[in-house]
Amino acid sequence: MKIGKVLIANRGEIALRIHRACQEMGIRTVAVHSTADAAAMHVRLADESVCIGPPPARESYLNVAAILSAAAITGADAIHPGYGFLSENANFAEMVEAHGFVFIGPRPEHIRMMGDKIAAKDAMRRLGVPLVPGSPGALASLEEARQVAAEVKYPVLIKAAAGGGGRGMKVARDESELEEAWRVARTEAKAAFGDDAVYLEKYLDRPRHIELQVLADTHGHVVHFGERDCSLQRRHQKLVEEAGSPVLDAAQRNALGAQVTRALQQLGYRNAGTLEFLWQDGQFAFIEMNTRLQVEHPVTEMVCGIDLVKEQLRVAAGERLGYGQSEIRFQGHAIECRITAENPDTFLPSPGRVTTYHAPGGLGVRVDSALYSGYAVPPHYDSLIAKLVVHGATRAEAIARLRRSLAEMVVDGIETTLPLHLAIMEDPEFQAGDYTIHWLEQFVARRNAGG
Amino acid sequence: MKIGKVLIANRGEIALRIHRACQEMGIRTVAVHSTADAAAMHVRLADESVCIGPPPARESYLNVAAILSAAAITGADAIHPGYGFLSENANFAEMVEAHGFVFIGPRPEHIRMMGDKIAAKDAMRRLGVPLVPGSPGALASLEEARQVAAEVKYPVLIKAAAGGGGRGMKVARDESELEEAWRVARTEAKAAFGDDAVYLEKYLDRPRHIELQVLADTHGHVVHFGERDCSLQRRHQKLVEEAGSPVLDAAQRNALGAQVTRALQQLGYRNAGTLEFLWQDGQFAFIEMNTRLQVEHPVTEMVCGIDLVKEQLRVAAGERLGYGQSEIRFQGHAIECRITAENPDTFLPSPGRVTTYHAPGGLGVRVDSALYSGYAVPPHYDSLIAKLVVHGATRAEAIARLRRSLAEMVVDGIETTLPLHLAIMEDPEFQAGDYTIHWLEQFVARRNAGG
Amino acid sequence: MSNGIQFDPEAIRALAQILKDTDLTEIELVEKDSRIRVARTLPPAPAMQMAWPAGLPQAAPAPAAPAAMASPAPAAEESIDLAKHPGLVASPMVGVAYLAPEPGQPPFVALGSRVTQGQTLLLVEAMKTFNQIKAPRAGTVTRILIETGTPVEYGEPLMIVE
Amino acid sequence: MSNGIQFDPEAIRALAQILKDTDLTEIELVEKDSRIRVARTLPPAPAMQMAWPAGLPQAAPAPAAPAAMASPAPAAEESIDLAKHPGLVASPMVGVAYLAPEPGQPPFVALGSRVTQGQTLLLVEAMKTFNQIKAPRAGTVTRILIETGTPVEYGEPLMIVE
């Protein structure tokens with residue numbers, strides 16, 4: 001099936017990213033946008049654009065009827081959902097396909113499966129992917145929680161089955177904390193997701209977040225593009241990502257990759273996806289699978305020399321991968337800084353007009369951003385405004401390159417996290433690769449205390 | 001010898017390029033500049049800056065005393081000359097070394113040797129590098145010119161021995177044109193260089209310009225980084241460069257590379273250099289050697305994954321290369337567009353204030369430019385304002401990427417050659433790689449005629 | 001030549017209609033010494049252009065883009081004025097406009113119709129649902145800015161009722 | 001405490017001189033309960049900053065950069081004014097300034113000296129050549145902006161003769 005025109009059901013830098021891949025492949029693009037994004041870069045660059053609603057995402061970027069109408073009107077062949085918004089909505093994927101469009105992403109049943117964290121873990125356990133020890137499913141009672149916690153040993157984590165974004169997630173460091181954690185997690189789960197089912201797992205106290213990028217065609221071939229280390233998070237939001245992880249060697253990467261690709265082949269998975277793991281003391285524990293392109297995909301592209309979005313489009317059109325795992329090589333090191341429109345100390349959002357935007361340049365520097373001088377960052381959406389990604393022959397060179405390019409970059413008129421990223425790059429612990437998923441929170445606290 | 005501080009004896013994008021490499025290596029930088037460049041990007045980013053004279057290059061960027069004084073005052077260890085200005089001035093290189101600074105470039109005697117085109121060809125002939133057939137040296141008389149022309153067969157070219165930039169260079173298509181070509185070339189040579197010595201060589205009527213990038217350390221190791229095809233020239237100025245050449249395969253590259261690296265090892269060459277060849281019908285003919293970094297070095301960096309300026313600095317500090325020829329791999333394809341502040345049809349210079357500058361971004365795109373929004377391009381210097389360099393898995397992908405990134409790039413307030421580059425990328429002959437050094441002149445003529 | 005140029009007004013009108021129906025911008029017919037050429041200038045996309053700084057890339061004119069072409073005749077400036085018109089009826093959704101309840105039926109309203117508040121003015125079809133677009137106030141229909149079959153985007157001017 | 005703080009003005013002066021001679025920006029001495037801290041703010045580099053748009057990167061202040069430090073005491077704004085002063089004597093070259101013909105000799109001129117046109121005001125040494133900087137006009141030396149040993153860049157204000 002030939003894809004001649006793609007509707008991009010997203011906004012910001014990822015809409016621009018998808019547009020660029022399409023344009024380089026000779027595929028026409030349709031930008032759909034809210035009234036708040038009428039002057040956005042991807043809207044200006046797209047071959048066609050359709051305004052689909054007012055600023056609130058619920059009435060525009062989450063408005064399935066408007067997006068499908070726009071696809072019908074413009075004669076699009078396929079829809080790329082990007083990340084966030086409708087990208088992991090199985091009903092949307094089904095409706096896209098039911099209306100005769102190609103959904104550039106996984107099969108709806110796999111989106112649904114991975115959207116339910118318990119079902120996802122069940123599937124992965126069955127398929128031989130390593131998991132963190134914990135309850136086999138939702139907990140029937142506090143008593144069951146006590147039993148499982150005693151088995152896997154404290155500290156433990158109680159999590160909403162329908163959860164995400166850190167809501168409905170509580171730690172119990174010992175048995176005395178369990179009952180309260182159980183109650184609060186259930187209450188939050190009910191409030192946030194309308195479902196108070198919770199499960200329990202061993203709480204890893206100093207893990208890294210390491211994830212594996214996979215890609216599958218519709219002919220049964222699955223490959224992986226190595227790992228990303230995304231341990232640098234604040235409130236479960238990633239800030240800095242690396243490929244590869246400072247703690248993994250080729251043998252560990254290959255072993256995990258083999259387990260995962262075998263599992264996804266059995267599952268009959270399609271298109272791109274990412275399996276997220278906690279890693280500690282040489283052990284991986286699957287936590288969830290993202291059935292979409294991820295924000296941090298560029299670091300993988302830069303070490304592997306592939307264009308993941310083009311691969312998504314090729315696979316969605318029914319093409320074969322055309323290469324095997326052994327042809328995927330990893331060269332050098334890549335790091336991404338997510339620059340957001342936030343105060344770098346308080347993280348208060350700072351939307352508004354960008355008076356001057358100046359991107360850094362030179363060897364090994366990539367900027368994915370929809371900013372331009374004079375652009376007003378709207379207050380309605382995510383605060384991510386730019387991804388600064390560098391590649392270097394070594395991790396040390398990549399860090400040096402980030403320091404110099406962060407110093408060259410200018411986003412004036414609004415507050416951004418550029419100074420925070422510069423401070424991270426200058427930190428000896430970060431430079432040594434010596435961090436866990438808790439490091440960044442502590443670093444920010446130290447920075448704010450130190451003044 | 002440790003290099004801790006480098007004085008950058010240049011301006012514009014190349015000064016910024018050198019600054020970036022130094023900064024990433026932890027080397028401090030000194031920018032020297034004319035009064036016209038006080039607000040230039042590299043001056044602002046450098047660790048220190050010294051104003052060395054008024055706008056005319058003769059009194060600033062060519063002012064040897066001022067540059068050496070600035071180096072002494074700031075305590076610089078080394079001087080990087082960039083390209084142009086003093087970069088191929090053997091006397092300058094000697095004075096730099098006599099004053100106890102490291103000259104980041106070749107030995108003065110090799111700069112002097114390659115600056116004299118006849119001496120350069122003599123040396124290369126002796127060292128076994130292929131040459132275009134012609135007179136063994138300067139012509140003693142018109143009679144000798146006639147004899148040699150009869151031997152190598154018409155058309156022939158009469159060229160100033162001291163020449164460059166196309167001055168003192170005349171074609172004779174047959175014997176009837178020889179006497180006039182001889183007279184005019186001598187007159188021009190005398191006027192331009194104060195020396196009427198001329199020589200004669202076979203005129204290749206449809207050659208490509210292909211050059212080889214080399215690097216030598218001070219321990220006798222020489223490697224090459226493959227070729228660049230720089231056939232797209234207008235009035236002997238390169239506009240578009242590619243690595244590798246669309247007409248060369250690995251065997252031809254390796255054969256030429258082996259001849260050249262052997263020759264330079266015998267010569268005892270040091271640091272970076274480029275041998276320029278005409279290529280036609282599978283044959284290379286050496287034309288000259290540039291004993292410096294070249295404008296188009298980024299395409300080589302992007303296919304080889306090395307940072308040539310960092311390599312220059314390492315070698316200048318006395319380090320060993322640390323890798324052999326077999327470790328240098330060529331991946332994908334890279335193309336550079338030189339964006340100049342000129343009318344894209346008439347090529348009239350267009351200095352002035354850049355009201356909006358917006359660099360393209362995304363995967364595989366590199367911009368080397370000292371522009372920023374609000375910067376005034378001064379009328380005193382070269383019109384090169386930006387180098388847009390892309391890398392792709394294939395030549396076709398690189399061209400597609402250039403098309404989309406040229407369309408994203410904005411330089412407002414002055415005229416630029418962006419539209420010309422876009423037209424070149426859209427041309428089927430260029431896309432087929434089917435061009436000679438005459439192609440661009442004809443393309444421009446067709447474009448202007450077509451309106 | 002001094003006789004003046006002979007021409008067939010009906011042929012020109014027919015070509016104009018073809019031009020309009022096919023979304024072409026130019027048709028030229030040449031036969032021996034005769035030449036008929038009809039052309040029209042497509043209006044640029046409306047209001048959203050205003051926030052864009054002079055220097056930044058402009059989307060290539062997209063002749064196949066229905067959204068950009070929905071407003072037929074009026075020049076860009078006029079369409080901006082219309083968007084701010086106090087009598088504006090704008091599309092509440094993306095879809096396709098229909099002036100009549102069914103093919104072959106008369107339209108809900110015509111230019112100059114007096115309408116009461118809540119009276120149906122036209123339909124916008126989205127996802128196979130026909131949504132009635134009702135008059136927000138009583139008044140006279142002074143402009144009809146779309147035709148049956150015109151694709152419309154969110155917020156696009158449909159009619160003026162004043 | 002009510003006795004007032006005891007201090008030694010000479011010690012402070014001595015520290016100030018050390019600060020100046022060594023190009024430090026701060027010296028702090030602590031002994032038991034006493035603390036003396038002397039600091040000075042280095043003036044930012046002069047005029048060239050003005051053309052730079054607000055947003056673009058500023059070179060980090062470089063304490064070791066002689067060029068940026070050549071103008072000793074005056075604030076940045078003053079040094080901009082001096083550059084436009086009608087009585088300005090600016091350096092015609094990069095080099096090192098000398099106020100006297102030889103070490104131990106009296107300076108060519110002092111503050112308040114009356115000078116004639118063409119009279120030597122100071123020397124700027126570049127490449128081991130001592131270049132005489134002469135008064136462009138007759139007048140009084142009202143400002144001496146450099147000291148012996150100060151590195152100067154092209155166009156840098158040296159003296160004011162008015």
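Numbered from 1 within each chain, the chains take letters A, B, ... in sequence-line order.
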In terms of heavy-atom proximity below 4.5 Å to chain D, should A72(B) be classed as side chain, backbone, both, or neither? neither
Does a donor on one side chain and an acceptor on the other come within less than 3.5 Å for N271(B) and R107(B)? no
Partner of E48(B) under side-chain contact (heavy atoms from CB on, under 4.5 Å), chosen from V43(B), T74(B), L7(B): T74(B)
Describe, in one word, how the ring planes of Y61(B) and Y381(B) are oriented to each other, choosing from parallel (under 30°), tilted (30 to 60°) and perpendicular (over 60°). perpendicular
Could you look at M127(D) and say if it's the side chain, the backbone, both or neither that has a heavy atom under 4.5 Å from chain B? both
Could you tell me which of A65(B), G53(B), A70(B) has the largest number of non-hydrogen atom pairs under 4.5 Å with chain D? G53(B)
Would you sort out whether Y357(B) and Y375(B) count as a ring pair (Phe, Tyr, Trp, His ring centres under 6.0 Å), showing the intermediate values? CA-CA 9 Å; Y357(B) 170 63; Y375(B) 174 71; 9.6 Å; no
